[in-house]
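Presented below is the structure to which this report refers.
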Amino acid sequence: MSLAIGLANKKSIMITPTPPFNFEGTIYNPGHFPTPTEKYEDGIFWQTMRFLNEEFGLKFENEGATNNPEVKLTIYSKNKLTKEKLKIITGELNYRFEFNRDISEFCEKFKNDKLLELVLRRWKGMRIKCGYSLYESLIIYIILQNATVRRTVQMSNNLFENFGTKVKFDNKEFHVFWKSDQLNKVSEDKLRELKLGYRAKSIKKVSESFSKNEFNEIELRKLSNEELKKELIQIYGIGPASVWYLLFEVFHRYDALDYISPWEQKIYSKILFDKELAESKKILDFLNQKYGKYKMLAAHCLFTDLFWRHKKKKINWLEKEIRL
DNA sequence: CATCAGGGCCCTG
DNA sequence: CAGGGCCCTGAT
């Protein structure tokens, strides 16, 4: 058991997101499998962050409401945070958590939409955040592949226990993602021992690319959807399903929805048409026609609302589909 | 006990 | 472009 690194220095600032901003709906996604890097509890969200070659702890507290949002952010660090670093970190978080994105047009446009009406009443101001870097997200999408959630969690825990950095802040312990070059040095056999199976090869290759700085995440953000897809699909172990996750989640492209995997197809069929299984083309055309450039944001709202309802009161058919 | 599909992707023919 | 193989696990 390695000892946790204490992140004793802290610095708090207030963030005023662009309204409408739904804190809970944005900051925490109950549809995601749990990792030891984050925790959500009634208006407070903790997360670790490896950034600028350093480990940080983040604490977000909701101090406002959807129409006049205020978020208190506390950054925990090993060394005292310089003004420069604070600026870079908050800039990055601004992108990852979409604090300044204006989605009022979407909320206004679909407030009477049959499918979204209730969802928007509950979750108005929900947007698509991704707390992780591109490298970290790639790892997550790779361990999701061809596995049930239980197995994904097992792979994730094995990776964090073996390669993650344990930190302690705000009296809580979490793991921080490892560095890409650290994982690059690990043998494929070792990764297979950790039950990663054939994904070990993809993880090795991705870690190698990132340790060689072959990707510039900031530059990738500037690309069009098509250009971005072309870049991402070249990554070993990344196919159409993962590219689509990357586009909407990591790169926040609200219009990126042209792929539906089998398990999602079942869920869409149920919530859109109340059917066992609709053709995926039918689902895609329907969402495209109805929501246009907001189709992925709309789909995300529908999905996340569903998982929130499930979290609060078990939905039997969904329980069956997600199969822990 | 064996067989199979799962929150895909790569490679081959 | 279709289809087999891939790691491991729980379900059947």
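Side chains are part of it too, since the values below use all heavy atoms of this structure and drop only hydrogens, waters and symmetry mates. In what follows, chains carry the letters A, B, and so on, assigned in the order in which the sequence lines appear, proteins first and then strands, with residues in each chain numbered from 1.
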**Q.** Rounded distance in Å - CG (A:Leu246) to C1' (B:dC9)
**A.** 14 Å
Q: Mind checking A:Tyr141 for me? I need base, sugar-phosphate or nothing, with any heavy atom below 4.0 Å counting as a touch.
A: nothing
**Q.** Nucleotide pairing, DNA chain C (Watson-Crick or G-U, distances under 3.5 Å), in dot-bracket with [ ] and |
**A.** ||||||.|||||
Q: With heavy atoms under 4.0 Å as the rule, sort A:Ser242 into base, sugar-phosphate or nothing.
A: sugar-phosphate
Q: Flag the pair A:Arg121 and A:Glu117 as a salt bridge only when some basic side-chain nitrogen lies within less than 4.0 angstrom of an acidic carboxylate oxygen.
A: yes
Q: Please state how far atom CD in A:Gln145 lies from atom C1' in C:dT9, giving the value in whole angstrom units.
A: 17 Å
Q: Verify, without hydrogens or angle tests, whether A:Tyr40 (side chain) and A:Gly43 (backbone) share a donor-acceptor contact under 3.5 angstrom.
A: yes
Q: Tell me which nucleotide among B:dG6, B:dC9, C:dT9 gets nearest to the side chain of A:Lys195.
A: C:dT9
(Q) Any carboxylate oxygen within less than 4.0 angstrom of a Lys/Arg side-chain nitrogen, looking at A:Glu227 and A:Lys230? (A) no
Q | Proximity to the side chain of A:Thr148 - top-ranked nucleotide from C:dC7, B:dC9, B:dG7 | A | B:dG7
Q.
For a quick test of reading the model: is some side-chain N or O of A:Lys201 closer than 4.0 Å to OP1 or OP2 of B:dC10?
A. no
Q. For the side chain of A:Tyr236, counting heavy atoms from C-beta on, which of B:dG6, C:dT9, B:dC10 is nearest?
A. B:dC10
Q) Hey, does the side chain of A:Gln154 come within less than 4.0 Å of C:dC8's phosphate (OP1/OP2), counting only N and O? A) no
Q. What nucleic acid atoms does A:Glu264 come within less than 4.0 Å of, heavy atoms only: base, sugar-phosphate, or nothing?
A. nothing
Q: Return the value, rounded to whole Å, for the distance between atom CD of A:Glu188 and atom P of C:dC7.
A: 8 Å
Q: Can you tell me the distance, in whole Å, between the CZ atom of A:Arg151 and the C1' atom of C:dC8?
A: 4 Å
Q: Round to a whole Å and report the spacing from CD1 of A:Ile233 to C1' of B:dC11.
A: 15 Å
Q) Rounding to a whole Å, what distance do you find between A:Ile143:CD1 and C:dC7:P? A) 17 Å
Q.
Measure NZ/A:Lys204 against P/B:dC10 and give the value in whole Å, please.
A. 18 Å
(Q) Strictly below 4.0 Å, N to O, side chains only: are A:Lys85 and A:Glu54 in salt-bridge contact? (A) yes
Q.
Between C:dC1 and B:dG7, how many Å separate the two P atoms, rounded to a whole number?
A. 28 Å
(Q) Between A:Lys39 and A:Asp170, does any NZ, NE, NH1 or NH2 come within less than 4.0 Å of an OD or OE carboxylate oxygen? (A) no
Q. Any N or O donor-acceptor pair linking the side chain of A:Tyr198 to the base of B:dG8 at under 3.5 Å?
A. yes
Q. Do A:Ile88 and A:Phe51 come close enough that some side-chain heavy atom pair is under 4.5 Å?
A. yes
Q.
Both A:Gln234 and A:His32 contact DNA chain B. Which one's nearest nucleotide lies toward the 5' end?
A. A:His32
Q) C:dG5 and B:dC4: how far apart are their P atoms, nearest whole angstrom? A) 13 Å
(Q) Using a heavy-atom cut-off of 4.0 Å across all strands, would you classify A:Leu196 as base, sugar-phosphate, or nothing? (A) nothing
Q.
Any N or O donor-acceptor pair under 3.5 Å from the base of C:dC7 to the side chain of A:Arg199?
A. yes
Q. For the pair made of CD1 in A:Ile267 and C1' in B:dG6, what is the distance, rounded to whole Å?
A. 14 Å
Q) So, do A:Tyr141 and A:Val206 sit near enough that their side-chain heavy atoms are less than 4.5 Å apart? A) no
Q: Tell me what A:Arg192 touches on the nucleic acid: a base, only sugar-phosphate, or nothing, going by heavy atoms under 4.0 Å.
A: sugar-phosphate
Q) Would you call A:Glu41-A:Lys172 a salt bridge at under 4.0 Å N-O? A) no
Q: Identify whether any heavy atom of A:Ile235 sits under 4.0 Å from a base atom; if not, whether one sits that close to sugar-phosphate; answer base, sugar-phosphate or nothing.
A: sugar-phosphate
Q: Indicate whether the side chain of A:Tyr294 and that of A:Glu105 have a donor and an acceptor atom separated by less than 3.5 Å.
A: yes
